Amino acid sequence: MGDAHHLNAAGAALPSARTLAAVTEQLQLEARIGGYEAAHAVRPRLDGLYALAGNVLGAAADEIALTESATVAWQRAVDALRLGRGDRVLVSRSGYVSCALHLLTLERERGVVVELLPCGEDGALDLDALAASLEAGPAALLVVTHVPTSSGLIEPVAAAGELARLHGVPYLVDATQSAGQLPLDAAAIGADLLVATGRKFLRGPRGTGVLVVRRGLLERLAPTAPDVRGAEWTGERDWTLVDAARRFETWEGSHALRLGLGVALAELDGLGVASVSEHLGAASDRLRGELSALPGVRIADPAGAAGSAIVTFTVDGMPARDVAAQLAVRAVHVVSVPASHGRWDLEPRALPAVVRASIHVYSDDGDLNALRDGVAALARLSVAPRAELAGAASGNGASANGSAAGAGAGAAGA
Ligand SMILES: Cc1ncc(COP(=O)(O)O)c(C=O)c1O
C-alpha cells in the first residue's frame with residue numbers, strides 16, 4: 001500500500017483517508033474562521049471523543065483524558081500518585097524506556113523502590129513471582145506493559161490485574177503497543193490507570209494520546225499541576241478539580257489531531273477490535289513462521305508468549321540497524337529497536353538490538369512477501385564480503401524512496 005511496504009504500525013501506522021481528511025479540514029476551518037470559533041463549530045464531535053475512546057479501551061467517557069502522547073499520559077498519572085520514600089513499585093520487564101527512566105528518576109531522587117518482576121519460561125511476566133512480591137509486603141503500584149516496544153510478547157494483563165485487585169494495589173497498564181491490535185478492556189483487566197497513544201495501532205494522527213483513570217482511583221488522584229481545563233480557580237488560594245479524568249488534561253491541544261483520532265477510533269470500532277486482532281494475529285504468525293524458516297534469521301519474540309502484530313528478529317552477522325537500512329533500500333520499512341529502548345527486556349536476552357516489523361489491516365500479502373524476500377536476500381548476503389553487500393544495495397536503490405537516508409532507514413523505532 002502507498003509508496004512503500006509499510007511494516008511499522010508499531011512506530012506509527014498509516015492513517016485512513018478519512019482520518020487524514022478530518023485533520024486537514026479542521027485546520028482549514030481554523031485558518032478560515034479562527035481557532036476558537038472552529039473549536040466551537042465542532043464541539044459535539046470533540047465531546048463525543050471521550051465515549052469513542054472509552055468504547056475502544058473499556059472505560060466510561062468520564063474516565064478518559066486526552067493527552068499528546070502515551071508518555072505524557074503516563075507522567076501525569078504516575079506523578080499524581082505522589083510516590084515517596086520506600087514506596088514499592090512492581091514493574092514488568094517489558095517496560096518502555098521513557099516509563100522506566102521516569103520510575104528510575106523517582107527511585108534516585110525520592111527513594112521510591114523499583115522492583116523488576118522476573119519473566120517465566122515463556123518469556124512473559126511470571127505470575128507466581130508477582131504473587132510472591134505482592135505477598136512480601138505492601139506495594140504502591142503495579143505496572144505491566146501489555147505489549148512491549150521490543151517484541152511481539154503479550155503480557156498476561158488480566159491475571160496480573162486480578163492479583164493487584166486481591167492485594168488492593170493500584171494497577172497501571174501501558175497499552176501503547178496493544179491498543180487497537182488486541183482486545184482491551186480496562187475495566188475487565190482491572191486496570192486503575194491505562195495509557196495509550198493515538199498513532200500506533202489505533203491509526204490516529206501523531207501527537208495524540210489517551211489516559212484512562214478508573215473511577216475508583218480518580219478521587220485519590222490530583223494532578224501535580226492543575227490546568228484551567230481540569231480545574232476551576234474558585235478563590236484567591238482555592239480551586240476545585242473537575243470530577244472526571246479530564247482533570248489531567250490541559251486546555252490547549254490540537255483539536256484537528258483529536259478529531260482525526262475520533263475518526264480512527266470510530267473506524268476501528270466499526271471493524272471490531274476482535275476481528276482486527278484475529279486477522280493481525282494470523283498474519284503475524286505466518287510472518288514469524290516464514291522468517292524463522294530462513295537460514296541465518298532468528299525470531300527474537302519470546303517463543304511462548306508471542307502473538308501480537310509485532311514480529312522481531314535478527315539476521316546472523318548483520319546488525320539490526322543495517323538490516324533495517326538495507327530493507328528500506330528495497331522499499332520495505334521496518335525499524336531496529338536498540339536495547340536502550342527496552343533494556344529490561346533485551347539486555348537479559350543478550351540482544352543489542354532487534355529488527356521490528358509490525359503490521360496492520362492495510363498490510364497485504366505483497367507487503368509480507370516483500371519483507372520475507374528482502375530478509376532472505378540479506379541473510380544470504382550477510383555471509384558475503386561487505387563490498388558485495390554495498391554493491392547489491394546500490395543496485396536496488398531506485399525504489400520508492402530512492403535512498404536509505406530518504407526512507408529514514410535504520411532509524412531506531414519507538
Ligand atoms: C510500550 C510503549 N510505551 C510507551 C511508549 C511511548 O509512547 P509515546 O511515544 O506516545 O509517548 C511507547 C512508544 O513506542 C511504547 O512502545
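Whatever order the structure lists ligands and atoms in, that order sets their numbers, starting from 1. In this text the structure is predicted, and so the values were computed from the model without any measurement.
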* Asked: Are any non-hydrogen side-chain atoms of L194 and H146 less than 4.5 angstrom apart?
  -> no

* To do: Would you check if there is a donor-acceptor pair between the side chains of D301 and T312 at a distance under 3.5 Å?
  => yes

* Parallel under 30°, tilted from 30 to 60°, perpendicular over 60°: which one fits the rings of Y36 and W251? -> perpendicular

May I have every N or O pair linking ligand 1 to the protein at under 3.5 Å, one per line with atom names and distance?
| unit_1 | atom_1 | unit_2 | atom_2 | d |
| --- | --- | --- | --- | --- |
| ligand 1 | 3 (N) | D174 | OD1 | 3.4 |
| ligand 1 | 3 (N) | D174 | OD2 | 2.6 |
| ligand 1 | 3 (N) | T176 | OG1 | 3.4 |
| ligand 1 | 9 (O) | R199 | NH1 | 3.2 |
| ligand 1 | 9 (O) | R199 | NH2 | 2.9 |
| ligand 1 | 10 (O) | A70 | N | 3.1 |
| ligand 1 | 10 (O) | T197 | OG1 | 2.6 |
| ligand 1 | 10 (O) | R199 | NH1 | 2.9 |
| ligand 1 | 11 (O) | A70 | N | 3.4 |
| ligand 1 | 11 (O) | T71 | N | 2.8 |
| ligand 1 | 11 (O) | T71 | OG1 | 2.5 |
| ligand 1 | 14 (O) | K200 | NZ | 2.7 |
| ligand 1 | 14 (O) | A414 | O | 3.4 |
| ligand 1 | 16 (O) | T149 | OG1 | 3.2 |
| ligand 1 | 16 (O) | Q177 | NE2 | 2.9 |

* To do: Please list, chain by chain and in numerical order, all residues satisfying ring pair (Phe, Tyr, Trp, His ring centres under 6.0 Å) with F248, sequence neighbours excluded.
  => none

* Who pairs with D316 by side-chain contact (heavy atoms from CB on, under 4.5 Å), at least two apart in sequence or on another chain? -> R298

* **Which residues share a side-chain hydrogen bond (donor to acceptor under 3.5 Å, both in side chains) with T19, sequence neighbours left out** => S16

